[in-house]
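Counting starts at 1 for both ligands and their atoms, following the listed order. Quick note: residue numbers are just sequence positions, from 1. A quick note: this is a predicted structure, and the numbers were derived from the prediction, not measured.
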Amino acid sequence: MAHATFTAEGQNMESFRLLSGHKIPAVGLGTWRSGSQATHAVVTALVEGGYRHIDTAWEYGDQKEVGQGIKRAMHAGLERRDLFVTSKLWCTELSPERVRPALQNTLKELQLEYLDLYLIHWPFRLREGASRPPKAGDVLDFDMEGVWREMEKLAKDNLVRNIGVCNFTVTKLNKLLGFAELIPSVCQMEMHPGWRNDTMLELCKKNQIHVTAYSPLGSQEGGRDLIHDQTVDRIAKKLNKTPGQVLVKWGIQRGTSAIPKSQNPDRIKENIKVFDWVIPEQDFQALNSIPDQKRVLDGEDLFVNKTEGPYRTVADLWDHED
Ligand code: NDP
Ligand code: 1BO
């Protein structure tokens, strides 16, 4: 259930309550592929846009820039306790002894004392220096329980407020739930009207795990152009909103937070104006019926080696669940 609060800018900002008791703001700024623009994007989002939630990852190579943006926003008067900062543990660090050093490096790059959320980025361990696509021996065994125990210790030591996972399947989430002492607060998954992934959403809801929808606009660059989808466009025109706003709102109306990426100041500010209106039921259902359901980020380039395995097909990565 969403809770409404107001930021200092007067922006009505909804948030969702996590199992841990912390709140996650319903809209966050994505920063993948923001590169050197990440600092400016973060400052625009936090100081002008009313955002309080930033999503980054070691793999994005922009944690230092994101950290500088957060620092500038704090100089402008924002308090650390009002922000929700997420980062992610990369695949080369998916062994128990590498978890804490990886987090410490992330905190250093971000110039922060703690994270609000630390996520396992993908449930596949890669050898350092792995090729894309992986060569034989690049994809290693992943000790999920050992890594999760270390994630739990980070939370117990208050270095991270919440821990969670990304890109999990029903099979993998059920396995983790079988041994977890700390249930993941958040599962971050690709979700937009072109890839609704209802099965994972239902499993997470059943276990009170909050879902964050990544690539809520379809990712655009090399992804799915939902901005120009005719159903999205028709609903946007009818509601006098932009396609980007309709897509973000769709995620929130499903009970997920959403983390649209933009490095364009106007679009950053546009994407968060989603709180004082609703998508009417009929239009919501039309978005829920967009055909040709397909992932944009299927992991093939990162983890599939067609001849050597251990994952020879995309279906192998997703445990043949789609
Ligand atoms: P999004 O779905 O957020 O789409 C971003 C693209 O849409 C960019 O090209 C952006 O261009 C454009 N855009 C942004 N706003 C608008 C708008 N209002 N109208 C038209 N175009 C717009 O894609 P991402 O794949 O980046 O996903 C969002 C975030 O989710 C990532 O940045 C990352 O933080 C996270 N993520 C997590 C993953 C995981 O494995 N856990 C995987 C993928 C993403 P411009 O910048 O020029 O505005
Ligand atoms: C390779 C990283 C995908 C975006 O999170």
Side-chain angles (χ1 to χ4, degrees), residues 27-38 40-42 44-45 49 51 53-63 65-66 69 84-94 117-124 126 130 132-134 164-169 184 186-195 197 200 211-229 232-233 236 241-251 256-274 295-304 317-318:
V27 178
L29 179 75
T31 63
W32 182 34
R33 299 190 279 214
S34 289
S36 62
Q37 296 305 303
H40 190 238
V42 168
T44 303
Y51 286 67
H53 172 180
I54 304 291
D55 184 85
T56 185
W58 177 85
E59 172 62 12
Y60 301 166
D62 67 359
Q63 290 187 139
E65 288 77 7
V66 168
F84 192 99
V85 182
T86 301
S87 190
K88 313 184 191 92
L89 178 69
W90 185 239
C91 305
T92 49
E93 313 308 300
L94 277 192
L117 176 62
Y118 199 39
L119 299 169
I120 292 177
H121 204 151
W122 288 84
F124 308 105
L126 290 176
R132 290 186 189 182
V165 298
C166 308
N167 300 306
F168 265 43
T169 56
V186 173
C187 180
Q188 191 180 111
M189 302 291 299
E190 178 180 339
M191 282 187 189
H192 45 70
W195 179 246
N197 203 351
M200 277 304 288
V211 173
T212 296
Y214 78 63
S215 304
L217 311 176
S219 206
Q220 301 297 300
E221 297 164 50
R224 179 149 175 184
D225 186 5
L226 290 170
I227 294 288
H228 296 100
D229 178 276
V232 176
D233 187 56
K241 301 293 173 192
T242 67
Q245 288 169 332
V246 167
L247 291 165
V248 173
K249 184 71 185 188
W250 176 83
T256 69
S257 47
I259 46 173
K261 173 264 175 183
S262 182
Q263 58 197 57
N264 173 290
D266 292 334
R267 289 194 283 275
I268 289 172
K269 288 180 249 180
E270 168 191 323
N271 291 341
I272 198 171
K273 290 184 181 146
V274 291
R295 292 175 200 280
V296 169
L297 265 107
D298 61 15
E300 179 165 9
D301 285 356
L302 288 163
F303 309 112
V304 172
L317 297 178
W318 300 98

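- Ring pair W122/F303 is tilted by interplanar angle, where 30° to 60° counts as tilted.
- The side-chain heavy atoms of L126 and F124, taken from C-beta on, include no pair separated by under 4.5 Å.
- Proximity of Q188 to ligand 1, defined as any heavy-atom pair under 4.0 Å, is confined to the side chain (atoms from C-beta onward).
- Numbered from 1 in the order shown, with element, the atoms of ligand 1 that lie under 4.0 Å from a heavy atom of I227 read 19 (N), 20 (C).
- The backbone and the side chain of D55 each have at least one atom closer than 4.0 Å to an atom of ligand 1 (non-hydrogen atoms only).
- Residue contact check: I259 has heavy atoms under 4.0 Å from atoms 28 (C), 29 (C), 30 (O), 35 (C) of ligand 1.
- A donor and an acceptor atom, one from each side chain of R295 and S215, are nowhere located under 3.5 Å apart.
- Ranking the protein heavy atoms by distance from atom 17 (C) of ligand 1 puts R267 CD, 3.4 Å first.
- Just one residue in the list I259, V165, I120 forms a side chain to side chain contact (heavy atoms under 4.5 Å, CB included) with Q188, and that residue is I259.
- Protein heavy atom in closest approach to atom 25 (O) of ligand 1: S219 OG, 2.6 Å.
- Scanning the protein heavy atoms around atom 12 (C) of ligand 1, the nearest turns out to be Q220 CG, 3.8 Å.
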Short N or O contacts of ligand 2 with protein, under 3.5 Å, listed by atom name?
residue	atom	partner	partner atom	Å
ligand 2	5 (O)	Y60	OH	2.5
ligand 2	5 (O)	H121	NE2	2.8

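- Y214 and N167 are linked by a side-chain donor-acceptor pair at a separation below 3.5 angstrom, with hydrogens and angles left out of the test.
- Near C166, with a cut-off below 4.0 Å to any heavy atom, the atoms of ligand 1 are 41 (N).
- In this structure a side-chain-to-backbone donor-acceptor pair under 3.5 Å is missing from D55 to T31.
- At a heavy-atom cutoff of 4.0 Å, ligand 1 is contacted by both the backbone and the side chain of K261.
- When atom types are taken as modelled, the side chain of T212 and the backbone of S257 share no donor-acceptor pair closer than 3.5 angstrom.
- Annotation: atom 43 (C) of ligand 1 to nearest protein heavy atom, Y214 CD1, 3.2 Å.
- For atom 9 (O) of ligand 1, the nearest non-hydrogen atom of the protein is E221 OE2, 3.2 Å.
- The protein non-hydrogen atom at the shortest distance from atom 13 (N) of ligand 1 is L217 CD1, 3.7 Å.
- Within the 4.0 Å heavy-atom criterion, the part of E270 lying near ligand 1 is the side chain and not the backbone.
- Annotation: side chain of Q220 is in contact with side chain of I227 (closest heavy-atom distance under 4.5 Å).
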Next on the checklist: One pair to check against side-chain contact (heavy atoms from CB on, under 4.5 Å): R132 and L302. What are the steps and the verdict?
Outcome noted: CA-CA 5 Å; R132 290 186 189 182; L302 288 163; 3.3 Å; yes
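- Judged purely by atom type and a 3.5 angstrom limit, Q245 uses its side chain to pair as donor or acceptor with the backbone of E270.
- A donor-acceptor pair under 3.5 Å links the side-chain atoms of E190 to the main chain of V296, judged by distance alone.
- Considering only heavy atoms from C-beta on, P265 comes within 4.5 Å of H40 through its side chain.
- Near K88, the atoms of ligand 1 lying under 4.0 angstrom from a non-hydrogen atom of the residue are 41 (N).
- Under 4.0 Å from ligand 1, not a single heavy atom of L119 appears.
- The shortest contact between atom 15 (N) of ligand 1 and any protein heavy atom is with N271 ND2, 3.0 Å.
- Side chains of I268 and S262 form a contact here, defined as non-hydrogen atoms less than 4.5 Å apart.
- Of the possible polar contacts, none joining the K88 side chain to the L119 backbone as a donor-acceptor pair under 3.5 Å is found.
- Taking 4.0 Å as the cut-off, N167 counts as a neighbour of ligand 1 on heavy-atom distance.
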Next on the checklist: Working note: Q63 + S87, criterion side chain to side chain donor-acceptor pair (under 3.5 Å); need CA distance, chi angles, decisive distance, verdict.
Outcome noted: CA-CA 9 Å; Q63 290 187 139; S87 190; 2.6 Å; yes
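- The closest protein non-hydrogen atom to atom 32 (O) of ligand 1 is W32 N, 3.0 Å.
- Using a 4.0 Å cut-off to heavy atoms of T31, the atoms of ligand 1 that qualify are 32 (O), 34 (O).
- Note: H53 NE2 to L117 CG = 7.0 Å, rounded to the nearest 0.5 Å.
- Counting heavy atoms closer than 4.0 Å to ligand 1, residue P243 contributes nothing at all.
- Atom numbering of ligand 1 starts at 1 in the shown order; those under 4.0 Å from a heavy atom of P260 are 3 (O).
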